[in-house]
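By convention here, the first residue in the shown sequence is residue 1.
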Amino acid sequence: MKFSRLIILGILIFLSSCRGEDESDLQKIDQVLNIYIKNAAGKDLLNTNIPGGFTAVRAQDLNADRALQEITGISVKKDQDTIAYVDYATGAVRILKDSISPSQKTYQSDFYINLSKIVNKETVTDVDTVKVEYNWSPNLFQVSKVWYNNKLSFSKVEGQPNIIHIVK
């Protein structure tokens with residue numbers, strides 16, 4: 001008898017702890033950045049098969065506990081048109097920039113993107129800076145603005161992907 005009461009109690013606790021299926025209970029996360037880098041002639045500089053293209057992309061966090069800690073949430077991918085882009089999903093430390101209210105906050109990440117290429121048989125690295133500003137609310141966490149080399153390069157348009165086009 002005690003065993004059946006224990007099972008019933010366990011089932012009741014389990015059922016009461018389950019979240020509802022209401023999507024309004026969930027926080028939507030929109031933080032992935034797609035950074036396309038080309039030259040003034042429109043050449044895809046992230047294509048490793050094109051002369052003068054970057055052969056390696058790395059990122060280093062400027063807000064991490066350790067100086068210039070490597071960010072692992074960054075990679076080079078290709079879109080459906082086989083154009084390469086830097087995919088930044090996550091990895092840099094976010095610092096609280098502003099707390100307007102308990103339900104509205106602004107965070108910021110700062111990092112370097114190191115773009116390496118071969119010039120005259122030697123590796124040359126461009127070090128670019130990226131500052132990402134995020135808006136947080138209980139229902140939404142999303143990229144708001146992005147500065148690339150201290151130039152505002154992206155402002156969020158609701159419902160649109162976070163795509164940045166950089167000309168080097």
Side-chain angles (χ1 to χ4, degrees), residues 26-100 104-168:
L26 303 176
Q27 183 185 49
K28 181 182 175 198
I29 298 176
D30 179 19
Q31 67 181 15
V32 176
L33 295 175
N34 296 333
I35 305 171
Y36 290 82
I37 302 175
K38 60 184 177 181
N39 65 11
K43 182 168 89 170
D44 176 9
L45 293 177
L46 294 171
N47 185 335
T48 58
N49 298 322
I50 295 175
F54 295 108
T55 57
V57 177
R58 294 183 18 244
Q60 297 171 310
D61 193 347
L62 296 172
N63 296 324
D65 292 336
R66 279 190 351 220
L68 303 177
Q69 184 172 330
E70 192 79 19
I71 296 173
T72 58
I74 195 163
S75 62
V76 176
K77 296 184 177 180
K78 292 195 177 199
D79 64 16
Q80 67 271 11
D81 297 325
T82 67
I83 298 172
Y85 62 93
V86 175
D87 179 72
Y88 170 68
T90 187
V93 172
R94 295 181 195 108
I95 55 173
L96 181 62
K97 181 178 172 186
D98 189 13
S99 184
I100 298 167
Q104 189 176 4
K105 299 176 183 180
T106 303
Y107 289 88
Q108 178 179 314
S109 293
D110 303 280
F111 56 93
Y112 288 141
I113 290 185
N114 301 307
L115 304 162
S116 300
K117 62 182 173 182
I118 306 297
V119 176
N120 297 325
K121 299 182 183 179
E122 291 196 29
T123 301
V124 176
T125 302
D126 289 354
V127 180
D128 295 343
T129 58
V130 179
K131 177 170 85 171
V132 183
E133 186 175 281
Y134 303 91
N135 287 331
W136 177 94
S137 72
N139 297 328
L140 179 65
F141 179 79
Q142 73 176 0
V143 171
S144 170
K145 296 178 182 174
V146 178
W147 289 262
Y148 197 94
N149 288 336
N150 298 317
K151 178 183 172 197
L152 181 62
S153 301
F154 175 82
S155 292
K156 181 67 178 176
V157 175
E158 203 58 46
Q160 297 297 310
N162 305 325
I163 298 174
I164 303 166
H165 295 276
I166 302 299
V167 177
K168 289 183 74 69

Query - Derivation of the side chain to side chain contact (heavy atoms under 4.5 Å, CB included) call for N114 and D126 - result: CA-CA 6 Å; N114 301 307; D126 289 354; over 6 Å; no
Table please: side-chain donor-acceptor pairs of residues 45-56 below 3.5 Å, with sequence neighbours left out.
from : atom 1 : to   : atom 2 : distance (Å)
N47  : OD1    : N49  : N      : 2.8
T55  : OG1    : S116 : O      : 3.2

Distance from [X] atom [atom1] to [Y] atom [atom2], nearest 0.5 Å?
X    : Y    : atom1 : atom2 : answer
S99  : W136 : OG    : CH2   : 8.5 Å
K151 : I166 : NZ    : CD1   : 7.5 Å
E133 : S155 : CD    : OG    : 9.0 Å
I74  : Q60  : CD1   : CD    : 10.5 Å
Q31  : L33  : CD    : CG    : 8.5 Å
T125 : L115 : OG1   : CG    : 8.5 Å

Are there over 12 heavy-atom neighbours, none belonging to [X], within less than 6.0 Å of that residue's [atom1]?
X    : atom1 : result
K97  : NZ    : yes
N120 : CG    : no
F154 : CZ    : yes

What's the shortest heavy-atom distance between [X] and [Y], and which atoms?
X    : Y    : answer
Y85  : D79  : CE2-N, 3.6 Å
S109 : Y134 : OG-CE1, 3.5 Å
F111 : A59  : CD1-CB, 4.2 Å
L96  : K105 : CD1-CB, 4.0 Å
R94  : T90  : NH2-OG1, 3.4 Å
D128 : K168 : OD2-NZ, 2.8 Å

Query raised in the report: Do I35 and I113 pass the side chain to side chain contact (heavy atoms under 4.5 Å, CB included) test, and can you show the C-alpha distance, the side-chain angles, and the key distance before you say yes or no?
Result: CA-CA 11 Å; I35 305 171; I113 290 185; 4.0 Å; yes
So do the side chains of [X] and [Y] get within less than 4.5 Å of each other, counting heavy atoms only?
X    : Y    : value
D87  : V76  : no
V130 : D110 : no
V86  : N34  : no
Q142 : E158 : yes
L68  : D61  : no

Query - Set of residues satisfying salt bridge (charged side-chain N to carboxylate O under 4.0 Å, His left out) with respect to K78, sequence neighbours excluded - result: none
**Report entry** Distance-only side-chain donor-acceptor flag, N162 / D30, under 3.5 Å
**Finding:** yes
Report task. Tell me, with the steps shown, if L140 and K28 meet side chain to side chain contact (heavy atoms under 4.5 Å, CB included). Result -> CA-CA 5 Å; L140 179 65; K28 181 182 175 198; 3.9 Å; yes
Query raised in the report: Is it true that K38 and D44 make a salt bridge, defined as a side-chain N closer than 4.0 Å to a carboxylate O?
Result: no
